[in-house]
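Sequence lines set the chain letters: A, B, ... in the order given, protein chains first and strands last, and positions in each chain run from 1. Note: hydrogens, waters and symmetry copies are ignored here, and every other heavy atom, side chains too, is used.
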Number of protein chains: 2
Amino acid sequence: MPVTIYDVAREANVSMATVSRVVNGNHNVKPATRKKVLRVIEELGYRPNAVARGLASKKTTTVGVVIPDIANSFYAELARGIEDIATMYRYNILLSNSDGNEDKERQLLETMLGKQVDGIVFMSERVSEGLRADMERASAPIVLAGSVEESAAVASVNIDYRQAAYEAVSRLTANGHKKIAFVSGPFTSNINQDYKLKGYTEALAEAGIPFDENLVVETDNFYEEGMEAYEQTKQEKPTAFFAGSDELAIGLIHAVQEDGFTVPEQVEVISYENSKLAQMVRPRLTSVAFPLYDIGAVAMRLLTKLMNAEEVEETQVILPHRIEERSSTRNA
Amino acid sequence: MPVTIYDVAREANVSMATVSRVVNGNHNVKPATRKKVLRVIEELGYRPNAVARGLASKKTTTVGVVIPDIANSFYAELARGIEDIATMYRYNILLSNSDGNEDKERQLLETMLGKQVDGIVFMSERVSEGLRADMERASAPIVLAGSVEESAAVASVNIDYRQAAYEAVSRLTANGHKKIAFVSGPFTSNINQDYKLKGYTEALAEAGIPFDENLVVETDNFYEEGMEAYEQTKQEKPTAFFAGSDELAIGLIHAVQEDGFTVPEQVEVISYENSKLAQMVRPRLTSVAFPLYDIGAVAMRLLTKLMNAEEVEETQVILPHRIEERSSTRNA
DNA sequence: CTGAAAGCGCTAACAT
DNA sequence: ATGTTAGCGCTTTCAG
């Protein structure tokens with residue numbers, strides 16, 4: 001029922017090859033016939049069938065994006081960075097949530113490859129052995145965004161998580177704190193369990209502070225858990241907190257305040273995210289500024305190069321981070 | 001290079017039709033040959049090409065989703081509802097941001113139709129005449145989610161915005177307030193300009209309170225604007241605020257507090273969204289509970305019916321809402 | 001500058 | 001239960 005390239009060819013008295021040429025901007029077409037074809041396309045309301053085109057050309061101009069949870073503002077920001085650059089390069093996005101579940105991740109990869117995406121941006125809190133193997137033998141280029149896979153077998157864009165954590169905690173030790181708690185996101189994420197935790201312990205060690213396991217608490221990054229974490233660590237009398245996310249930091253601050261202490265005068269809190277939330281609470285959050293949007297954008301840009309088979313000097317890119325000073329910490 | 005259905009057929013000594021049958025779960029295949037084919041598929045690592053399948057069957061099992069901004073938690077929540085149901089029905093999602101720009105919206109619609117999506121879930125703050133016309137002649141079913149289009153020409157899922165606003169403001173008039181400000185999201189959204197504003201004026205009228213245009217301020221839903229809105233309306237000495245979003249409500253509350261008043265004792269604030277944010281501030285926000293996830297889920301479910309050409313009794317669905325009582329208002 | 005023709009990989013009658 | 005045969009709508013040589 002819909003009008004095809006064939007209908008246009010007939011109406012314009014040319015071959016379908018010629019129609020294809022004008023549709024694809026091929027210059028080998030006489031201006032007069034181009035004009036004629038364009039007019040017929042307009043008249044008939046012809047719209048190229050991208051599926052047929054994809055089958056013939058083996059290019060779909062769509063890239064897959066697998067993300068743990070699009071409703072999580074953290075990942076949503078990343079996704080926006082990906083999408084903007086994808087749009088810029090004329091790609092569309094096939095988006096799926098994995099909920100961080102390995103089976104789903106592998107199955108999603110399979111599905112997207114089946115749909116013949118030209119490339120994939122993948123976000124995962126922990127790339128399993130199996131998933132990494134699948135990625136390596138994938139028929140389309142893949143880049144990890146905000147996700148680290150030890151072997152560096154697949155391209156990725158991140159910040160130096162360990163270093164960022166180290167700096168944040170050093171910011172606290174510099175102010176003389178001896179009891180610094182680390183209220184972390186889930187250790188199912190290797191970034192939390194391996195990198196951020198390491199940065200934390202390194203900063204403590206450097207300041208000659210013994211590691212106290214009662215001062216590190218694992219959470220799912222929820223506000224309420226931040227409040228609970230305060231209760232859990234309270235007996236150790238921590239005077240400073242390194243929070244794994246803004247939500248956690250806010251929960252912590254509220255619990256501290258409800259317990260009768262002031263932030264940052266009596267207790268300092270530094271966060272790790274710097275979302276809009278950081279400026280929507282009192283005191284405003286000092287936080288490691290995590291360039292989510294940029295990570296997504298750079299990952300997508302890298303992917304376009306890979307899809308064009310361009311030479312890429314470095315596939316493991318590390319973006320800079322910084323610490324945004326606000327009011328949940330005292331001036332150093 | 002990749003293995004095709006043809007390779008499998010050859011290796012298994014059957015016709016491609018048979019392979020197609022086992023791949024598609026057709027029961028007309030002798031168990032023995034099914035098993036043989038399955039084994040070959042496994043051996044060769046055959047993965048059906050969804051593009052070819054789509055061309056032949058005229059079904060892509062993918063639905064388009066156009067959304068103003070996925071980085072906006074409001075829409076991200078909606079998107080998650082859509083995605084979950086889509087996954088449940090084995091559809092994948094082609095996602096694009098429109099930034100509420102009409103040209104982009106129309107062009108995105110065109111692109112998705114070109115990619116032969118089986119259906120579309122559309123979110124828009126204001127469906128223009130042109131867009132509505134495009135939708136009506138679209139070759140795939142479309143449902144609007146959290147977006148209202150006056151003529152009801154296209155299927156949609158919403159709540160009763162006017163009624164919700166009416167209830168929220170009545171909640172305030174009931175407490176005796178005479179000066180109630182409405183700090184709204186952008187009037188580029190017809191939901192704000194037409195429905196919520198109407199609910200607000202109706203509630204005032206019913207309480208015999210004259211409408212004062214100095215008490216309604218339009219914003220872009222940002223926190224800072226909530227604070228500014230307080231400054232702008234301050235001279236009128238409002239004692240209660242109806243905020244268009246949680247961010248706005250929080251900005252308002254902070255401004256009120258900084259001005260030396262207490263919430264809810266001296267000033268009451270009621271919000272309209274009920275995101276996670278509502279529980280992450282002190283006082284916690286009383287808010288109209290906007291069932292974002294459900295709207296997305298129901299919209300997608302409705303779309304599956306439309307795609308299956310099932311009879312649908314009502315294409316304009318209105319979901320229930322409620323008011324979540326917390327601490328930014330006094331008990332009635 | 002333009003046309004003819006061969007696929008792309010699969011589904012879907014239609015046979016047998 | 002299985003095979004044969006047309007396409008699906010477009011890109012892409014290859015001729016001319």
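A donor-acceptor pair is defined here as one N or O able to donate and one able to accept, closer than 3.5 Å; such a pair exists between the side chain of B/Asn192 and the backbone of B/Pro186. No donor-acceptor distance shorter than 3.5 angstrom exists from the side chain of B/Lys115 to the backbone of B/Gly64, with no hydrogens or angles considered. B/Asn190 places a side-chain N or O within donor-acceptor distance of the main-chain N or O of B/Val148, the cut-off being under 3.5 Å.
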message: Base contacts versus sugar-phosphate-only contacts with protein, heavy atoms under 4.0 Å: please encode nucleotides 11-16 of chain C as B, S and - from 5' to 3'.
response: BBB---
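OP1 or OP2 of C/dG3 sits under 4.0 Å from a side-chain N or O of A/Ser15. Dashed line: the shortest gap from a side-chain N or O of A/Thr18 to OP1 or OP2 of C/dG3 is under 4.0 Å. Look at B/Asn28 and you'll find a side-chain N or O under 4.0 angstrom from OP1 or OP2 of D/dA1.
Between the CG atom of A/Leu44 and the P atom of D/dG9 there is a distance of 14 Å, rounded to whole Å. One atom, CD of A/Gln116, and another, C1' of D/dC10, lie 16 Å apart when rounded to the nearest Å. Counting to the nearest Å, the C1' atom of C/dC1 and the CG atom of A/Asn26 are 10 Å from each other. Here C/dC10 presents its C1' atom at 8 Å from CG of B/Leu55, a figure rounded to the nearest Å. Put simply, CZ on B/Arg10 is 15 Å from P on D/dG3, counting in whole angstrom units. Rounded to a whole Å, the NZ atom of A/Lys36 is 14 Å from the P atom of C/dC1. If you take NZ of A/Lys115 and C1' of C/dC10, they are 15 Å apart, rounded to a whole angstrom.
Between A/Asp99 and B/Arg80 a salt bridge is recorded (basic side-chain N to carboxylate O distance below 4.0 Å). Salt bridge status for B/Asp134 with B/Arg106: present, with a side-chain N to carboxylate O gap under 4.0 Å.
The environment of CD in B/Glu42 is sparse: at most 12 heavy-atom neighbours from other residues, nucleotides or ligands sit within 6.0 Å.
A distance below 6.0 Å separates the ring centres of B/Phe290 and B/Tyr161.
In this structure, A/Val14 reaches the sugar-phosphate backbone alone: every heavy-atom distance under 4.0 Å involves primed, P, OP1 or OP2 atoms, never a base.
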